[in-house]
Amino acid sequence: METQEKIVNRYTEKPVKTKNGFAMLALILVLFFGSLAVAIAGPILLWENNFPLAVALIVVGSLVFLLDLFLMPGLKILNPNEALVLTLFGKYHGTLKGDGYFWVNPFCEGINPGATPASMTTINGSTSVNFGGSRKISLKTMTLNNEKQTVNDERGNPIVIGTIVIWRIVDTTKAVFNVQNYRTFLSTQCDSATRNIARMYPYDLMDDDDLGEKTLRGSSQEIAEMMKQDLQERVSMAGLEILEVRITHLSYAPEIAAAMLQRQQAEAVVAARKKIVEGAVGMVEMALAQLNDDRIVDLDEERKAAMVSNLLVVLCGNKDAQPIVNSGSIY
């Protein structure tokens with residue numbers, strides 16, 4: 001029984017034997033016009049009562065014309081960064097790479113399970129897909145914009161995350177023969193890799209004790225690199241290379257977004273209050289020190305405490321203070 005590794009590596013990419021397409025095109029044209037000339041000469045001889053030669057010319061012309069029709073499907077045109085995986089009677093024959101005009105065995109058939117449908121037709125509830133006859137595989141760098149999905153982070157909070165994958169095909173035989181459809185396979189594995197990595201880290205830090213811990217929001221570059229490595233391991237069997245993974249969307253799920261927003265607002269208010277109190281204490285300390293150094297007024301401990309209390313109320317209040325002035329006594 002074959003192991004999984006043997007099944008994955010069963011097919012090795014190899015070049016296919018080709019001939020110059022322009023030379024074969026010239027031969028096809030010569031055969032076509034030759035068969036046409038012979039087909040015209042046959043009836044003329046038949047008119048001249050040269051029956052055996054006329055029949056022979058008609059038969060030869062027909063056979064040459066059929067040979068010409070047989071040779072024509074072997075002409076292939078490849079653009080830069082394109083490849084064509086060919087099979088011959090159900091077996092892998094070779095891969096055609098390189099831009100140019102080629103001729104291959106007409107019995108060879110191109111295979112591309114990831115071809116994008118050119119059109120879709122629905123008749124009586126049945127949908128048929130037309131691939132437009134194209135079986136070429138693009139070797140260009142491509143982009144997969146993966147759909148947003150809801151996953152749970154390390155703390156179990158539901159989050160919405162979306163990724164974009166930059167990828168390309170490096171082994172055409174694996175992409176064609178090892179998976180049913182390499183585009184669908186990549187999208188599915190991208191979902192799995194995203195979910196696997198996202199559940200290992202929290203969305204954000206909950207308190208200062210977690211400083212230094214990686215988070216999805218604060219360490220997006222490192223998390224994306226981990227997703228790239230995990231995804232590369234998953235799709236290597238399909239002959240794909242992952243060039244880059246980026247996190248394009250990251251947010252809390254709608255069901256907890258409002259609560260998390262309140263938490264963030266509370267943290268912002270506490271941080272602002274903390275800064276205000278620190279500034280107010282510094283101002284009170286400076287005021288007491290300056291009053292004492294300049295000997296403007298002598299205050300006992302009780303009056304100092306009252307002054308500190310009043311200044312803190314004024315400096316830390318949300319609204320402007322409305323002081324009551326006692327004009328009769330400083331006390």
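Hydrophobic clustering (side-chain heavy atoms under 4.5 Å, transitive across Ile, Leu, Val, Met, Phe, Trp, Tyr) keeps V85 apart from L78. With hydrophobic clusters built from ILVMFWY side chains whose heavy atoms lie under 4.5 angstrom apart, V151 shares a cluster with L144. Under the 4.5 Å side-chain heavy-atom criterion for Ile, Leu, Val, Met, Phe, Trp and Tyr, L139 and Y182 are members of the same hydrophobic cluster. Both L67 and M72 are part of a single hydrophobic cluster, where members link through side-chain heavy atoms under 4.5 Å apart. Under the 4.5 Å side-chain heavy-atom criterion for grouping Ile, Leu, Val, Met, Phe, Trp and Tyr, L27 is connected to L25 within one hydrophobic cluster.
Checked against side-chain contact (heavy atoms from CB on, under 4.5 Å), R246 has the following partners two or more places apart in sequence or in another chain: I164, E244.
Look at D230 and R234 and you find a salt bridge, because one of the NZ, NE, NH1 or NH2 atoms lies within 4.0 Å of a carboxylate O, short of that distance. Taking 4.0 Å as the cut-off between side-chain N and carboxylate O, E13 and K97 count as a salt-bridged pair.
Counting heavy atoms from C-beta on, the side chains of M237 and F185 come closer than 4.5 Å. A 4.5 Å side-chain heavy-atom check between D153 and R199 finds every atom pair outside the cut-off. Two residues are said to be in side-chain contact when any heavy atoms from C-beta on lie closer than 4.5 Å; K136 and N112 fail this criterion. For the pair T173 and T95, the minimum side-chain heavy-atom distance is below 4.5 Å. Taking the side chain as every heavy atom from C-beta outward, Y201 and T215 never approach each other to under 4.5 Å. When side chains are defined from C-beta on, V165 does not count as touching N146, because their heavy atoms never get closer than 4.5 Å. For the pair W103 and N20, the minimum side-chain heavy-atom distance is 4.5 Å or more. You'll find the side chain of I28 reaches within 4.5 Å of the side chain of L75, heavy atoms only.
Nearest heavy atom pair, residue K214 against residue P202, reads O-CD, 3.6 Å. Contact detail for S35 and G61: the closest heavy-atom pair is CB-O, 3.4 Å. Closest of all the heavy-atom pairs between T141 and L243 is CG2-CD1, 3.6 Å. For P113 against A175, the heavy-atom pair with the smallest separation is CG-O, 4.4 Å. What you find for F177 and T87 is that their closest heavy atoms are CZ-CG2, 3.9 Å. Shown here for T150 and P158, the closest heavy-atom pair between the two residues is CG2-CB, 4.2 Å.
The 12-atom threshold is not exceeded at CZ of F22, counting heavy atoms of other residues, nucleotides or ligands nearer than 6.0 Å. Applying the 6.0 Å contact sphere to CZ of F65 captures no more than 12 heavy atoms from other residues, nucleotides or ligands. Applying the 6.0 Å contact sphere to CD of E109 captures no more than 12 heavy atoms from other residues, nucleotides or ligands.
Atom-to-atom distance recorded for I169:CD1 and S138:OG is 7.0 Å, nearest 0.5 angstrom. L250 contributes atom CG, which lies 10.0 Å from atom CD1 of I223 (distance to the nearest 0.5 angstrom). Note that CD1 of I159 is 11.0 Å distant from CD of E154, once rounded to the nearest 0.5 Å. Once rounded to the nearest 0.5 Å, the distance linking CZ of R168 with CG of N81 reads 9.0 Å. Between atom CG of residue L31 and atom CE of residue M24 there is a gap of 8.5 Å, rounded to the nearest 0.5 Å. If you take CZ on R183 and OG on S187, they are separated by 11.5 Å, rounding to the nearest 0.5 Å.
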Next item on the list: Check the pair Y203 / N152 against side chain to side chain donor-acceptor pair (under 3.5 Å), numbers first and verdict last.
Entry: CA-CA 9 Å; Y203 177 87; N152 293 331; over 6 Å; no

Note to self: Checking Q189 against L231 for the side-chain contact (heavy atoms from CB on, under 4.5 Å) test, could you report, in this order, the C-alpha distance in whole Å, the side-chain angles of both residues, the deciding distance, and whether it holds?
What the structure shows: CA-CA 7 Å; Q189 295 302 323; L231 183 59; 3.9 Å; yes

Note to self: Is there a side-chain contact (heavy atoms from CB on, under 4.5 Å) between K76 and L96? Walk through the geometry before answering.
What the structure shows: CA-CA 9 Å; K76 306 293 183 183; L96 182 60; 4.2 Å; yes

Margin query: side-chain contact (heavy atoms from CB on, under 4.5 Å), that's the test. Do E82 and D99 meet it? Break it down for me.
Written below: CA-CA 7 Å; E82 285 186 347; D99 55 298; over 6 Å; no

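Between the T143 side chain and the I166 main chain, no donor and acceptor come within less than 3.5 Å of each other.
Partner of I161 under the side-chain contact (heavy atoms from CB on, under 4.5 Å) criterion, chosen from M227, R195, K148, H249: M227.
Ring planes of F107 and F89: tilted class, angle from 30 to 60°.
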